[in-house]
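What follows is one structure encoded as structure tokens, with my remarks underneath.
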Amino acid sequence: MPLVSQRAAPAIFGHMPELPEVESARRIIDQYALRRVIEEVDDSDTYVCRPHTPGEIRSALLGRRLSAVHRRGKSMWCETTGVGRSRKPGPLLGFHLGMSGKIVVGKANGSEVDGGDYWERGRKPGDLRFSRFRLSFTDGGFLVLVDPRRLGRVRLDPPVEKLGPDAAVVTREEFQSAMHRGTAPVKARLLDQEALAGVGNLLADQALWTARIRPSRPVDELSTDDVDRLYDAVRESVADSLANGGVHTLSFIPARRAGGTCPRCGAALQVGVVGTRTTWWCPVEQT
DNA sequence: TATAGTGTTATCGG
DNA sequence: ACCGATAACACTAT
């Protein structure tokens with residue numbers, strides 16, 4: 001009788017950030033963290049704060065306040081200003097949530113606004129085990145990047161100009177020119193943040209399934225109609241996930257597991273690696 | 001204990 | 001210089 005190797009049970013992970021999760025974080029910063037004076041900064045995590053040296057972000061922000069927050073794809077950045085008479089603009093403060101990051105804002109009254117749920121069990125208020133960057137405000141509140149895996153990033157003046165158009169607002173023409181170049185698998189192109197900003201692994205699978213396109217198909221083999229359907233599918237998937245609170249609410253995502261079947265035709269889904277990422281698709285409908 | 005994980009980036013070869 | 005593929009990065013629950 002064969003020894004059946006005891007495969008480790010798949011780790012159960014909570015919600016990792018894609019465009020809609022980052023937008024939720026942006027709104028939390030917008031609603032709760034702006035206009036409060038920065039009294040202290042913990043930028044001691046040299047990996048998350050690379051390429052800065054400890055104290056560099058701190059000295060750039062002390063005594064200033066966040067005045068606005070923006071998002072493009074999965075990147076966020078805050079404008080900063082001085083206080084009092086000198087409202088002179090300071091450096092931009094960039095955030096990226098990476099694979100496991102989320103924003104937690106503490107209010108002056110001690111309560112917390114928690115922007116995500118990477119761990120299935122969640123996180124209790126006051127649990128700062130995975131705090132990788134912190135702004136402390138003069139009113140006693142704070143803004144923290146909680147990030148167990150430390151693949152997130154905080155930096156001054158982030159190079160957001162390298163990003164492609166945001167997937168939530170990209171025009172059909174911009175999308176077409178992003179696809180009409182080279183020979184990469186279409187999923188790899190969707191994930192290329194310099195071509196199109198904001199589509200992550202799950203959004204890509206959802207959009208390709210919606211458009212009935214096989215993820216490994218080279219972009220130069222897509223017809224005009226394929227690109228048109230894919231554009232509609234990307235815009236729809238992003239809009240739906242924004243409206244409903246995250247990529248997990250999309251129709252194809254629950255089927256994306258061992259034994260999963262196509263929600264439309266019932267065929268067994270196929271799994272493989274495309275563009276270095278785990279990829280699920282319907283082998284019957286997606287051609 | 002080995003493994004998988006929804007992301008980005010430096011580097012290499014063509 | 002461009003494009004595509006790959007490894008590296010860091011960490012933890014199971």
Side-chain angles (χ1 to χ4, degrees), chain A residues 5-25 45-51 72-76 94-102 115-123 127 129-133 145-155 158-160 162-164 167 178-209 215-220 237-238 241-242 245-250 252-258 271-280:
Chain A
S5 67
Q6 196 77 304
R7 292 204 55 193
I12 299 172
F13 285 85
H15 299 191
M16 305 185 205
E18 288 196 40
L19 186 153
E21 288 75 16
V22 177
E23 176 59 18
S24 298
D45 190 313
T46 55
Y47 189 73
V48 168
C49 296
R50 70 194 182 285
R72 181 151 167 193
K74 305 169 198 167
S75 292
M76 293 184 285
F95 292 97
H96 198 293
L97 302 181
M99 295 276 269
S100 63
K102 63 176 175 179
D117 187 21
Y118 177 66
W119 303 119
E120 192 71 7
R121 319 173 77 90
R123 171 190 157 278
D127 178 1
R129 266 183 306 163
F130 302 121
S131 168
R132 308 305 189 188
F133 177 84
L145 173 66
V146 172
D147 182 11
R149 291 178 62 184
R150 295 175 69 212
L151 290 170
R153 215 162 161 184
V154 180
R155 59 171 303 182
V160 290
K162 289 176 62 179
L163 293 169
M179 295 295 136
H180 288 155
R181 172 170 49 79
T183 61
V186 58
K187 180 172 178 182
R189 180 58 46 80
L190 286 178
L191 295 174
D192 180 350
Q193 303 299 300
E194 296 186 20
L196 178 69
V199 174
N201 200 24
L202 267 56
L203 273 170
D205 279 6
Q206 172 75 36
L208 289 162
W209 174 78
S216 59
R217 184 108 72 86
V219 287
D220 60 332
S237 301
V238 171
S241 59
L242 277 169
V247 291
H248 281 264
T249 62
L250 295 169
F252 182 67
I253 305 309
R256 217 178 155 279
R257 55 177 173 76
V271 63
V273 174
V274 179
T276 76
R277 319 301 317 221
T278 304
T279 300
W280 296 79

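So that the names make sense, note that chain A is the first sequence line, chain B the second, and so on, each numbered from 1.
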Tell me whether R217(A) contacts the main-chain N or O of V186(A) through its side chain, where contact means a donor paired with an acceptor under 3.5 Å. no
Excluding sequence neighbours, so at least two apart, what forms side-chain contact (heavy atoms from CB on, under 4.5 Å) with R257(A)?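 side-chain contact (heavy atoms from CB on, under 4.5 Å) list for R257(A), sorted by chain: empty.
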Who are the side-chain contact (heavy atoms from CB on, under 4.5 Å) partners of P254(A), not counting sequence neighbours? none
From C-beta outward on A184(A), which listed nucleotide comes closest to its side chain: dA13(C), dG4(C), dT6(B)?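 Shortest atom-to-atom distance from the side chain points to dG4(C).
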Go through the structure and list residues passing ring pair (Phe, Tyr, Trp, His ring centres under 6.0 Å) with W280(A), not counting sequence neighbours.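 Here no residue qualifies.
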Could you work out, with side chain to side chain donor-acceptor pair (under 3.5 Å) as the rule, every residue matching [X], not counting sequence neighbours?
| X | answer |
| --- | --- |
| Q193(A) | none |
| S100(A) | D147(A) |
| R189(A) | none |
| K187(A) | N201(A), D205(A), T279(A) |

With heavy-atom distances below 4.5 Å as the criterion, would you say the side chains of V22(A) and M76(A) are in contact?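 In contact.
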Looking at every non-hydrogen atom in both residues, tell me the closest pair between [X] and [Y] and how far apart they are.
| X | Y | value |
| --- | --- | --- |
| L191(A) | G275(A) | CD1-O, 4.5 Å |
| R72(A) | G164(A) | NE-O, 3.1 Å |
| P185(A) | V274(A) | CB-CG1, 4.0 Å |
| V154(A) | L145(A) | CG2-CD2, 3.8 Å |

Distance check needed: [N] [atom2] versus [X] [atom1], whole Å only.
| X | N | atom1 | atom2 | value |
| --- | --- | --- | --- | --- |
| L19(A) | dT8(B) | CG | C1' | 16 Å |
| D147(A) | dA10(C) | CG | C1' | 9 Å |
| M99(A) | dA13(C) | CE | P | 16 Å |
| L163(A) | dT8(B) | CG | P | 9 Å |
| R277(A) | dA5(C) | CZ | C1' | 14 Å |
| E21(A) | dG7(B) | CD | P | 10 Å |

For DNA chain B, what are the stems built from at least three Watson-Crick or G-U pairs in a row, each pair having both distances below 3.5 Å?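 B:2-5 with C:11-14, B:7-14 with C:2-9 - these are the stems of 3 or more pairs that involve DNA chain B.
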Any N/O pairs under 3.5 Å between the protein and nucleotides 10-14 of chain B? List them or say none.
none

Tabulated below should be each protein N or O lying under 3.5 Å from an N or O of nucleotides 7-9 of chain C; please produce it.
none

Contacts of R155(A) that satisfy salt bridge (charged side-chain N to carboxylate O under 4.0 Å, His left out) - sequence neighbours left out: none
Are T278(A) and dG5(B) close enough that a side-chain N or O sits under 4.0 Å from OP1 or OP2? yes
Can you see if the side chain of H96(A) gets near the phosphate of dT8(B) - specifically, an N or O under 4.0 Å from OP1 or OP2?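 Answer yes for this pair, as a side-chain N or O of H96(A) is under 4.0 Å from OP1 or OP2.
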Can you check the distance between dA10(C) and dT11(B), where both ends of the measurement are the P atom (answer in whole Å)?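 Those two atoms are separated by 15 Å.
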Name the residue closer to the 5' end of DNA chain C, choosing between G182(A) and D45(A) according to the nucleotide with the nearest heavy atom.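 Its nearest nucleotide being more 5', the pick is G182(A).
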When you measure from every atom of DNA chain C, which of residues 186-204 of chain A have a heavy atom less than 4.0 Å away?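 Under 4.0 Å from DNA chain C: R189(A).
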